[in-house]
Structures are given as structure tokens and as C-alpha cells.
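These numbers come from the heavy atoms of this one structure, side chains and all, not from hydrogens, waters or symmetry mates. Keep in mind it's a predicted model, so treat the numbers as computed, not measured.
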Amino acid sequence: MKKVKKFIMRRSLIYKTKVEYGDYTMNHIQGCSHGCKYPCYAYLLKKRFGVIKSYEEWCEPAIVENTLELLDKELPRFKEKIQMLHLCFTTDPFMYGYDEISDLSIAAIKKCNSYEIPCSVLTKGVLPKELIYCSNKNEYGITLVSLSESFRNLMEPNSAPYKERINALKYLHNQGFKTWISIEPYPTPNIITQDINEILNEVKFVDKIIFGKMNYSSRVTEYKSNNEFYNEMSLKVIEWCNKNNKSYHIKNGTFTL
């Protein structure tokens, strides 16, 4: 197992997110060991504002060591406002191979649940089986933009293998929890050629699909038919979800018809 080497303190933790399908969120880790190279918007933002100086520093996660203390202060104040608290939009609550991060995330989720606040989780890691002991109102998701391990090794070099992600998510589904998939950022054919229906059919058990284009990438704009491509993929997601009675959300700017 990997060890966290950096610890930081924060003055606040919970905030209202601007992510269109989100409510409130918290990021109790700074940086992300998965090292995604799409590029990663969270990394670009933190580097722009001088919080992170390099990609290498970003990939060395730092735990917010006063996370649980901050939650004790903030949860009573936010309790009546939060419909769903999301972990996380600028980091990952279950970084692959980091037990310390995973344990803190579970403790944070349990504390939120003790205030009757449900949590939504998104990861490129492996969702722990211990989550079955948390609230049955929680919702668990994984990011899945391909089934190709060579693509994952190239673009998400330190993340969990796709099969491990899917199997962990399916376990929670089988235990009665709501589960979802984020197919974002979805690559254009000049990056990888694949069938989106194969991805959808691999996770047919989930309750909801989020679909979004790949932003901030010159390779996407180099693909001249990128707008038409994302329109076509969006329609395929919508058709599949309607056929299989699934909820869905197409991210703003992805479907432009």
C-alpha cells in the first residue's frame, strides 16, 4: 500500500458546487495520485492559481488532516441546505492503493450520514466493501470512459483497472445501493476508436449515466467532426438509457444540436 506523505490544514471544507449536476461538495484531499492526462481541469486550475507547482506535486496527494473536525463544525450549519454531498469534484476519495485516504473518506461519509446527509461518491479507484455499512441513501459512482487497459495506462496511469472498478461498483449495486457511471471526458476517435455501447452494456446494472465531452484538449479540436461526434454519442447514450430505463444527464456543451 502507498503512504500519504503530506498533510495540510484548511479553514473550511463544504461548499456549493458549480458542477451542473451537483449540489454541495467537499474535497478533503489536495491533488490526485491517478495522474490523469486528458488534461485534468482540477490540476490545471490548481496550477494556475499557484496551489500546485507541477504535475509531480499534483500526483503526490495531501490529506486535509482536520477534515473530521471541520465536518463537526460545518455539518450542523449546512444540514438543512444539503440534499446530497458529493465526494469529490477536484480530487478522488478512493485513490488506488491509498488506505489512509480510503479510511478518511469512509469516516467522512459516516459522519455526514450521522447528520442524515446522504453522500454521492465518484472515483477512478476501487469502492470499498465497507461502504455497505453506510447510509442506504448514499449513491456510488465510477468514472469509465473506455474498456481498454492500454488507454487507461496511457491516460489514467495510476488509477484502478477498469474491471476492478466495475466489480466493486456491482458489489454495492447487489447490496441495494444506487450506482452510477460518469462517462467523462469521453475521447474522440483520433484518440481511441471504440464503441460506446460496449461500455454501456458492461455497466447495464447501474441506475444513472453521466456523459460529457473531453475539454481542454487540442487533440479533440484537431478532430474536425468533434461536434458531430459528440452529438452522435449523446444520442446513443440517450437512446440506450431510454431503452434500458436508466436516468441520464448529458453535460452542457456536449450535445449541440
> Does D72 have any side chain to side chain donor-acceptor pair (under 3.5 Å) partners at least two apart in sequence or in another chain, and if so, which?
Replying inline: K111

>> The test is side chain to side chain contact (heavy atoms under 4.5 Å, CB included); show your working for I166 and L147 and say whether it passes.
In response: CA-CA 10 Å; I166 295 169; L147 298 175; 4.2 Å; yes

> Would a line drawn from the ring center of Y248 to the ring center of F211 be shorter than 6.0 Å?
Replying inline: no

May I ask whether [X] and [Y] are part of the same hydrophobic cluster, defined by side-chain heavy atoms of I, L, V, M, F, W, Y residues being less than 4.5 angstrom apart, directly or through others?
X    : Y    : result
Y43  : V220 : no
I183 : I210 : no
L122 : Y171 : no
Y140 : V145 : yes
I117 : M84  : no

>> Under a 4.0 Å threshold between the charged nitrogen and the carboxylate oxygen, would K2 count as salt-bridged to D99?
In response: no

Any idea how [X] and [Y] line up, ring-wise: parallel (<30°), tilted (30 to 60°), or perpendicular (>60°)?
X    : Y    : result
F205 : H173 : tilted
F229 : Y186 : parallel
Y21  : H86  : perpendicular

Backbone N/O of [Y] and side chain of [X]: donor-acceptor pair under 3.5 Å:
X    : Y    : result
E20  : N252 : yes
T254 : K213 : yes
N244 : K204 : no
E149 : Y162 : yes
Q30  : I8   : no
N138 : C119 : yes
K246 : W240 : no
D207 : T179 : yes

Going from [atom1] on [X] to [atom2] on [Y], what distance comes out if it is rounded to the nearest 0.5 angstrom?
X    : Y    : atom1 : atom2 : value
S120 : Y24  : OG    : OH    : 16.0 Å
Y115 : R77  : OH    : CZ    : 12.0 Å
S102 : M95  : OG    : CE    : 11.0 Å
L154 : I192 : CG    : CD1   : 9.0 Å

> When you check the side-chain N and O atoms of N227 and T256, is any donor under 3.5 Å from an acceptor?
Replying inline: no

> Applying the side chain to side chain contact (heavy atoms under 4.5 Å, CB included) test to P118, which of K137, E139, K178 qualifies?
Replying inline: K137

> What's the verdict on side chain to side chain contact (heavy atoms under 4.5 Å, CB included) for I14 and I82, showing C-alpha distance, side-chain angles and the deciding distance?
Replying inline: CA-CA 10 Å; I14 298 172; I82 298 174; 4.1 Å; yes

> What residue among R165, E156, E164 forms side-chain hydrogen bond (donor to acceptor under 3.5 Å, both in side chains) with Y96?
Replying inline: E164

> Is there side-chain contact between E184 and Y38, with at least one heavy-atom pair below 4.5 Å?
Replying inline: no

>> Would V121 and F94 count as a side chain to side chain contact (heavy atoms under 4.5 Å, CB included) here? Give the steps.
In response: CA-CA 9 Å; V121 172; F94 295 106; 3.7 Å; yes

>> I'd like to know whether K236 forms a salt bridge (Lys or Arg N to Asp or Glu O under 4.0 Å) with E239, so could you lay out the CA-CA distance, the side-chain angles of the two residues, the decisive distance to 0.1 Å, and finally the verdict.
In response: CA-CA 5 Å; K236 285 189 175 184; E239 180 184 8; over 6 Å; no

> Do K163 and E202 pass the salt bridge (Lys or Arg N to Asp or Glu O under 4.0 Å) test, and can you show the C-alpha distance, the side-chain angles, and the key distance before you say yes or no?
Replying inline: CA-CA 10 Å; K163 277 292 185 182; E202 189 71 19; 2.8 Å; yes

